[in-house]
K.L.:
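Below: one structure in structure tokens.
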2 protein chains.
Amino acid sequence: MREEQANRCGPGAADQARACTVREALDRVGGKWSIGILIAASTGPVRFTELERRVEGISRRMLTLTLRNLERDGLLVRHVHPTVPPKVEYTATPMARELYESLVALTRWAERHREAISAARTAYDREHGTPAG
Amino acid sequence: MREEQANRCGPGAADQARACTVREALDRVGGKWSIGILIAASTGPVRFTELERRVEGISRRMLTLTLRNLERDGLLVRHVHPTVPPKVEYTATPMARELYESLVALTRWAERHREAISAARTAYDREHGTPAG
DNA sequence: CAGAATCCCCATTGATACTG
DNA sequence: CAGTATCAATGGGGATTCTG
């Protein structure tokens with residue numbers, strides 16, 4: 001997690017340049033937990049512990065790391081309240097909400113083809129060897 | 001590369017179920033090379049070696065592996081011509097082309113926010129330590 | 001030409017313990 | 001509460017070699 005190239009897609013065949021642009025976007029939400037966090041924070045400010053509960057299965061460490069990355073990319077804003085005990089809130093930026101909206105088309109695609117893909121896999125695994133033997 | 005759950009998103013908070021659906025889609029194109037291959041094969045049948053040239057930087061091994069995954073998911077069709085020397089052609093399925101169209105929104109998002117993200121990173125790295133420092 | 005088989009590295013993730 | 005610090009496991013991906 002720390003893809004340095006922010007926009008270096010460079011030259012090359014036209015379609016591979018497009019591929020690179022797509023990857024640019026995917027690399028920011030490609031992490032295992034990014035989407036879950038983004039969605040949880042898109043409705044309003046969320047606290048660290050609340051995220052820990054809502055994003056099921058995430059470890060404290062990964063929550064911290066993913067949070068930092070999202071913040072670094074400008075997808076999340078971190079607001080620290082100087083109180084004791086500490087209170088930190090994370091909020092999705094407009095850019096992040098736009099991102100999520102762009103993902104809607106992809107979500108629909110997944111829903112439409114869920115079964116087709118599942119079937120394709122079963123068929124494939126029958127012809128070639130199945131994962132377990 | 002062999003995510004077994006084809007559609008097991010299970011129950012849980014509503015937004016985390018959505019997060020899971022998004023990940024379902026992302027997991028199929030999340031690989032480093034999937035998109036490049038998909039795009040290269042979306043215009044028409046492509047041969048193995050041609051892909052090797054067009055998808056810049058890919059190794060023979062990763063090409064084979066990614067090809068197999070895409071085929072397994074029903075995104076690519078593999079056609080073997082019984083000639084000598086062998087000739088194998090890969091073609092994107094309609095489902096794959098739909099997928100690529102769904103990615104257009106994401107591509108636009110990436111283009112719109114390229115600079116903003118780059119700036120956010122620079123700012124972040126200035127306040128906190130930079131990667132190399 | 002189109003792979004399959006091997007070996008190896010390191011980035012991502014996880015588990016656990018400690019702290020301002 | 002909201003992290004940081006360490007250690008360990010896993011597997012994605014690269015490089016190379018062999019083959020029908």
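As the structure is a prediction and not an experimental result, all values here were calculated from the model. The chains referred to below are lettered A, B, ... by the order of the sequence lines, with proteins before strands, and numbering in each begins at 1. These numbers come from the heavy atoms of this one structure, side chains and all, not from hydrogens, waters or symmetry mates.
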K.L.:
Show each protein N/O and nucleotides 4-10 of chain D N/O combination with a separation under 3.5 Å, one pair to a line.
P.N.:
| from | atom 1 | to | atom 2 | distance (Å) |
| --- | --- | --- | --- | --- |
| D:dT6 | O4 | A:Arg61 | NH1 | 3.4 |

K.L.:
Could you check how far CG of B:Asn69 sits from C1' of D:dG11, rounded to whole Å?
P.N.:
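The distance from CG of B:Asn69 to C1' of D:dG11 comes to 13 Å, rounded to the nearest Å.
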
K.L.:
Which whole-number value in Å describes the distance from B:Met62 CE to C:dA5 P?
P.N.:
16 Å

K.L.:
Under the side-chain hydrogen bond (donor to acceptor under 3.5 Å, both in side chains) rule, collect the residues that match up with B:Thr93, sequence neighbours excluded.
P.N.:
none

K.L.:
Can you list the residues that meet the side-chain hydrogen bond (donor to acceptor under 3.5 Å, both in side chains) rule with A:Arg60, with sequence neighbours excluded?
P.N.:
A:Glu52

K.L.:
Starting from P on C:dG3, measure out to CG on B:Leu63 and report it in whole angstrom.
P.N.:
8 Å

K.L.:
For residues A:Val104 and B:Val22, determine if any side-chain heavy atom of one lies less than 4.5 Å from a side-chain heavy atom of the other.
P.N.:
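No, too far: nothing below the 4.5 Å cut-off.
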
K.L.:
For B:Gly57 and A:Arg53, take the nucleotide of DNA chain D holding the closest heavy atom to each; which residue's nucleotide lies nearer the 5' end?
P.N.:
A:Arg53

K.L.:
Please report the shortest heavy-atom distance between A:Gly36 and B:Gln16, naming the atom on each side.
P.N.:
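Answer, listing the atom of A:Gly36 first, then B:Gln16: O-NE2, 3.2 Å.
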
K.L.:
Would you say a side-chain N or O of B:Ser59 is under 4.0 Å from OP1 or OP2 of D:dA15?
P.N.:
no

K.L.:
Check the distance between C:dC1's P and B:Arg78's CZ and give it to me in whole angstrom.
P.N.:
16 Å

K.L.:
Of all residues at least two apart in sequence or in a different chain, which pass the side chain to side chain contact (heavy atoms under 4.5 Å, CB included) check with B:Thr43?
P.N.:
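Side chain to side chain contact (heavy atoms under 4.5 Å, CB included) list for B:Thr43, sorted by chain: B:Arg54.
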
K.L.:
Check side chain to side chain contact (heavy atoms under 4.5 Å, CB included) between A:Thr122 and all other residues, then give those that pass, not counting sequence neighbours.
P.N.:
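So A:Thr122 forms a side chain to side chain contact (heavy atoms under 4.5 Å, CB included) with A:Arg126.
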
K.L.:
Restricting to side chain to side chain contact (heavy atoms under 4.5 Å, CB included), what partner residues turn up for B:Val80, sequence neighbours left out?
P.N.:
B:Arg78, B:Val88

K.L.:
How long is the line joining CD of A:Glu50 and P of D:dA2, in whole Å?
P.N.:
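Spelled out: CD on A:Glu50 to P on D:dA2 is 9 Å.
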
K.L.:
What would the secondary structure line of DNA chain D be in dot-bracket form, counting Watson-Crick and G-U wobble pairs under 3.5 Å, with [ ] for pairs that cross earlier ones and | for pairs with another strand?
P.N.:
||||||||||||||||||||

K.L.:
Among C:dG14, D:dA2, D:dG14, which nucleotide sits nearest the side chain of B:Lys32?
P.N.:
D:dG14

K.L.:
Could you pull out all residues at least two apart from B:Ser102 that satisfy side chain to side chain contact (heavy atoms under 4.5 Å, CB included)?
P.N.:
A:Ala105, A:Leu106, A:Trp109

K.L.:
Nearest-Å distance, CG (B:Leu67) to P (D:dG13)?
P.N.:
14 Å

K.L.:
Would you mind checking if A:Asp125 and A:Arg121 are paired as a salt bridge, meaning a charged N to carboxylate O distance below 4.0 Å?
P.N.:
no

K.L.:
With sequence neighbours left out, which residue pairs that include part of residues 81-108 of chain A fulfil the ring-ring contact (aromatic ring centres under 6.0 Å, His included) condition?
P.N.:
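Every pair satisfying ring-ring contact (aromatic ring centres under 6.0 Å, His included) with a residue in residues 81-108 of chain A: A:His79-A:His81.
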
K.L.:
Listed by chain and number, what are the salt bridge (Lys or Arg N to Asp or Glu O under 4.0 Å) partners of A:Arg112, not counting sequence neighbours?
P.N.:
B:Glu98

K.L.:
For residues 36-62 of chain A, pull every pair meeting ring-ring contact (aromatic ring centres under 6.0 Å, His included), keeping only residues two or more places apart or in separate chains.
P.N.:
none

K.L.:
D:dA2, OP1 or OP2 - any side-chain N/O from A:Arg47 closer than 4.0 Å?
P.N.:
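For D:dA2, OP1 or OP2 has a side-chain N or O of A:Arg47 closer than 4.0 Å.
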
K.L.:
C:dG3 P sits how many Å from B:Glu71 CD, rounded?
P.N.:
9 Å

K.L.:
What is the distance, rounded to the nearest whole Å, between atom CD of B:Glu52 and atom P of D:dT16?
P.N.:
14 Å

K.L.:
Of the residues in residues 79-91 of chain A, which ones touch DNA chain D at a heavy-atom distance under 4.0 Å?
P.N.:
A:Pro85, A:Pro86, A:Lys87, A:Val88, A:Tyr90

